[in-house]
Amino acid sequence: MLIHSAAQLLTLAGGPQRGAGLGRLGILPGGALLLRGAEIADLGPTPELRQRYPHEESLDASGRVVLPGFIDPHTHAVWIGSRAAEFEMRLEGRSYLEILAAGGGIISTVSQTRQAPVEALKAEARPRLWEMLRHGSTTIEVKTGYGLDTPCELRLLQAILELDAEGPWELAPTFLGAHAIAPEFKDDPNGYTALVCAQMLPAVRDWWQANAPGRSLPFVDVFCETGAFSLAQSRRILETARTLGFPLKIHADEFDNLGGASLAAELGAVSADHLVKTSAADIEALAASGTAAVGLPCTPFGLAERAYTPARALLQAGGLLALATDLNPGTAWCGDMQFAIALGCRYMGLTPAQAIAAATINAAAAIGRQASLGSLEVGKQADVLILSVSDYRHLGYRFSQNLVETVIKKGRVLAL
Ligand code: NIG
Ligand code: FE
């Protein structure tokens, strides 16, 4: 199929974009893109491609922007129930960490999620994934973390794998057994940490090898935060996971600066996420590492907080910045990368071009998939969006409306 005559074809070519290099969209005005099967086979000026492929089925993109599908590299898309009452409590003055310490927050979602069989987990997550796809997310990282015991965590992982197989989206799974201290270990966080290390991580590896043979291991993530896992506990979990061969991620500096970002850099994590209260030293450590920094602007927005990821400082230091939604029932029930881009432009100081690169090629790097996803280049997977607008800056500029007109996943135009 030949997509032709795009007002702007954003290639994002050339690999992940560090520091001041962020925002190279690689624009081809009047560009065309040839898809063959699930891959991009050619691209260039429309007259040239038309001449080369005169008999190809064609899709007219005139007056429209064509760009790679968004990659959402941080979500908690599988859970049961809602926390609307907590939203109201926060508006009345209680803080997120206060509610968590009182046994609410993540633990309240855990109580609801633990009851659910795999089919029920999938049934609640599936409409969220459709909604995300409609808004342009063609690849989505999804975490477990609302089970906090081995059987339920494995059910969550199974739900993620089965939803991935259903498609048409593509999911990147993450094991987040260290999302909160399980209620049974309320007064013994070291005991729960030991359980994660000695029992859960080996169980996840064995389960994975039996249920997803040949597929690379999921990420292991930890919520390194006051009221969740300390820096020492996070280190124990991540070091154990690394020894078992898992690639790593971390939730760091969402509310307090515990040093999780530097830990991620030291351990060679694929990404460190949130990074709101990150210190200058942590920013330097991240920027000097291969670890991607993932900003989640829907989260402070969802919590009505003022502080956002200091993107400019991260970029000045030379860091690799990505954007994600953080879709979850507590802090940000939003799976719309267009809204994350709009917030990134306003509260993280990004230009639309920077935010788009952070949501595509750099977001691919934040899940280790930059070789096949995140840009429109020959040989890469044909995950493509066609917008209803002719200027890419409408992403960021506009909000609360869906500018994605057509979603193409693995070369297939989706009926959404
Ligand atoms: O990324 N911080 C930890 N996890 C989520 C919140 C999850 C929840 O509250 O259910 C986050 O903000
Ligand atoms: Fe999160």
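Throughout, numbering of the chain's residues begins at 1 and tracks the sequence. Read the numbers this way: they start at 1 and go in the same order the structure lists the ligands and their atoms.
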Interfacing atoms of ligand 1 (cut-off 4.0 Å, heavy-atom, [X]):
X	answer
D326	1 (O), 11 (C), 12 (O)
H76	1 (O), 4 (N), 5 (C), 11 (C)
I106	7 (C), 8 (C), 9 (O), 10 (O)

Opening angle at the Fe ion (ligand 2) [OD1, D326; NE2, H76; to 10 degrees]: 90°

The Fe ion (ligand 2) reached by H251 (N, O or S, under 2.8 Å): yes

Basic-acidic side-chain contact under 4.0 Å: R215, D164: yes

Steps toward side-chain contact (heavy atoms from CB on, under 4.5 Å) verdict (T138, F70): CA-CA 6 Å; T138 47; F70 297 129; 5.9 Å; no

Within-shell test, E225 vs ligand 1, heavy atom, strictly < 4.0 Å: no

Within reach of ligand 1, part of Y146 (heavy-atom separation under 4.0 Å): side chain

Contact (N/O only, under 3.5 Å) between T109 and ligand 1: no

Polar atom proximity, E254 to ligand 1 (N or O, under 3.5 Å): yes

Check: Y96 ring centroid to F255 ring centroid under 6.0 Å: yes

Working for side-chain contact (heavy atoms from CB on, under 4.5 Å), residues I3 and V66: CA-CA 9 Å; I3 303 172; V66 174; 4.2 Å; yes

Derivation of the side-chain contact (heavy atoms from CB on, under 4.5 Å) call for D256 and L97: CA-CA 10 Å; D256 285 318; L97 288 182; 4.2 Å; yes

